[in-house]
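All remarks here apply to the structure that follows.
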Amino acid sequence: MSNLDLSKVSLRPFKLTDADDFLLWAGDDRVTQNLRWKTCGSREEALAFIREVCIPHPWRRSICLHDRSIGFVSVYPWSGDDRCKADIGYALAADYWGHSIATKAVKMAVPQVFKDLPHLLRLQAFTSPENKASQRVLEKAGFLKEGVLRKYTYIKGNIKDSVVFSFLSTDEFPHDDC
Amino acid sequence: MMERDREESVDLAQISFRTLELSDVDDVLVWTSDEKVAKFCSWEPHSSKDQGIDFIQNKASEFLWGKAICLNDRPIGFISMTSATDKSREKSAELGYVLGSKYWSKGIMSHVVKQVMKVAFSEFPHLDRLEALVDVENVGSQKVLEKAGFQREGVLRKYLVRRGKSRDMVIFSVLSTDL
């Protein structure tokens with residue numbers, strides 16, 4: 001995959017027809033280990049998850065390569081008085097790691113999110129301290145690391161520290177040299 | 001009158017915690033109507049007794065744990081813990097507190113926070129983390145938490161909007177394993 005063409009990476013809403021591709025990465029523990037998502041176990045589960053969660057979601061996009069789903073980017077806005085902030089999350093099929101695809105996806109998502117969510121001032125992301133690759137995605141996408149929150153998250157039976165990053169509506173987008 | 005009050009030191013042994021009663025409303029209004037106190041809070045200063053009654057009857061019971069801070073059994077402030085709704089945050093609680101301005105700078109609040117930290121982890125053994133968010137400009141409150149043994153973890157930029165303005169907040173935490 002040494003000649004992966006990043007111009008063929010795109011973001012679009014999920015479709016039911018993504019189910020088989022979805023299962024390939026959402027069915028992989030390596031991909032879901034840091035997510036709240038349960039690892040997807042069957043085509044039926046994939047269809048249900050796309051129909052009931054991905055499609056109605058306030059802001060979720062499939063990361064696509066040649067229009068085939070290889071991951072996701074999600075933004076979950078807080079509500080009421082807290083709608084100035086939103087949480088961004090993402091994951092990518094393990095076979096496609098190491099090619100700056102997630103960085104490209106996040107860089108494409110951020111300006112679109114600020115356009116789509118007019119009250120948004122702060123986009124925040126939480127990564128595991130061991131997940132250096134994910135931290136690099138955020139740094140390359142122009143997020144600022146703000147600190148390490150101790151025992152912040154309880155996921156899949158494990159209490160973990162979280163590294164918190166943010167991108168503000170007033171921050172500058174980084175130059176495009178993925 | 002103000003200067004004499006400020007010179008009085010407080011016997012910390014006279015500090016206690018209890019549930020607020022309706023009969024406390026006049027004492028509650030002393031701090032809720034004070035602009036200096038409300039400055040870093042999410043609410044506008046109270047201007048009527050009804051607002052004090054509403055706080056005692058409705059808001060004070062919404063917390064995971066919330067008690068009046070009393071001096072000789074008279075309320076001079078309030079301290080609370082809130083739990084997050086998100087399942088992934090169920091082992092954390094957020095600390096909030098407020099004290100009448102006449103009682104500031106006497107070591108009362110850090111004494112209170114130290115006691116509540118112990119209560120938090122003993123009464124709620126599922127909790128691993130107690131956190132607090134303080135406005136970057138609220139240096140007095142940051143000192144309270146540092147003196148009480150909280151660790152400063154970072155500044156969350158434009159974390160919330162208060163009275164129409166976005167605010168940067170310093171986040172602090174203490175873990176059950178820190179005690």
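Being a predicted model, the structure only gives us computed values, none of them experimental. Chain identifiers are assigned alphabetically (A, B, ...) following the order of the sequence lines, protein sequences preceding nucleic acid strands; residue numbering begins at 1 within each chain.
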Under 4.5 Å to a heavy atom of chain B? For A:Asp171 that would be side chain
> Should the pair A:Lys107 and A:Phe173 be classed as cation-pi, given the thresholds of under 6.0 Å to the six-membered ring centre and 45° from the axis?
Replying inline: no
Whatever's closer than 4.5 Å to a heavy atom in chain A on B:Lys158 counts as both
If one checks every heavy atom of A:Leu168 against chain B at 4.5 Å, the contacting part turns out to be both
| B:Gln115 side chain to B:Val112 main-chain N or O, any donor-acceptor pair under 3.5 Å? | no
Applying a strict 4.5 Å limit to non-hydrogen atoms, the region of B:Ile171 in contact with chain A is side chain
**Asked** Is it the case that B:Arg162 places NZ or CZ above or below the six-membered ring of B:Phe40, under 6.0 angstrom from the centre and within 45 degrees of the axis?
**Response** no
Ranked by heavy-atom pairs below 4.5 Å to chain A, first place among B:Leu175, B:Asp86, B:Val161, B:Val155 goes to B:Leu175
The interface call for B:Arg157 against chain A, heavy-atom contacts under 4.5 Å, is both
Counting heavy-atom pairs under 4.5 angstrom with chain B, the leader among A:Leu121, A:Asp82, A:Val148, A:Asp81 is A:Val148
Greatest number of non-hydrogen atom pairs under 4.5 angstrom with chain A, of B:Glu90, B:Lys91, B:Arg89, falls to B:Arg89
Result for side-chain contact (heavy atoms from CB on, under 4.5 Å) between A:Ser69 and one of A:Leu23, A:Asp21, A:Thr17 points to A:Asp21
Whatever's closer than 4.5 Å to a heavy atom in chain B on A:Lys85 counts as side chain
Between B:Arg129 and the options A:Leu149, A:Ile159, A:Thr153, the side-chain contact (heavy atoms from CB on, under 4.5 Å) test singles out A:Leu149
When the ring centroid of A:Phe49 is compared with that of A:Trp37, is the distance short of 6.0 Å? yes
- Item | Test item: B:Asp11 side-chain N/O and B:Ala13 main-chain N/O as donor-acceptor pair under 3.5 Å | yes
One option among B:Ser92, B:Ser42, B:Ser173 has the most heavy-atom pairs under 4.5 Å with chain A, and it is B:Ser173
So, the part of B:Thr177 with a heavy atom under 4.5 Å from chain A: the answer is side chain
Q: Report yes or no: does B:Gln14 contribute a side-chain atom to a donor-acceptor pair with the main-chain N or O of B:Val10 at less than 3.5 Å?
A: no
For B:Glu94 and B:Ser83, indicate whether the former's side chain and the latter's backbone hold a donor-acceptor pair under 3.5 Å. no
When the 4.5 angstrom heavy-atom criterion is applied to B:Ser88 and chain A, the contacting part is both
Okay, B:Asp168 and chain A: the region with an atom under 4.5 Å from a heavy atom over there is neither
In terms of heavy-atom pairs under 4.5 Å with chain B, the winner among A:Arg122, A:Glu146, A:Arg150 is A:Arg150
Query raised in the report: When you measure from the side chain of B:Asp135 to the backbone N and O of B:Met169, does any donor-acceptor pair fall under 3.5 Å?
Result: no
Whatever's closer than 4.5 Å to a heavy atom in chain B on A:Phe167 counts as backbone
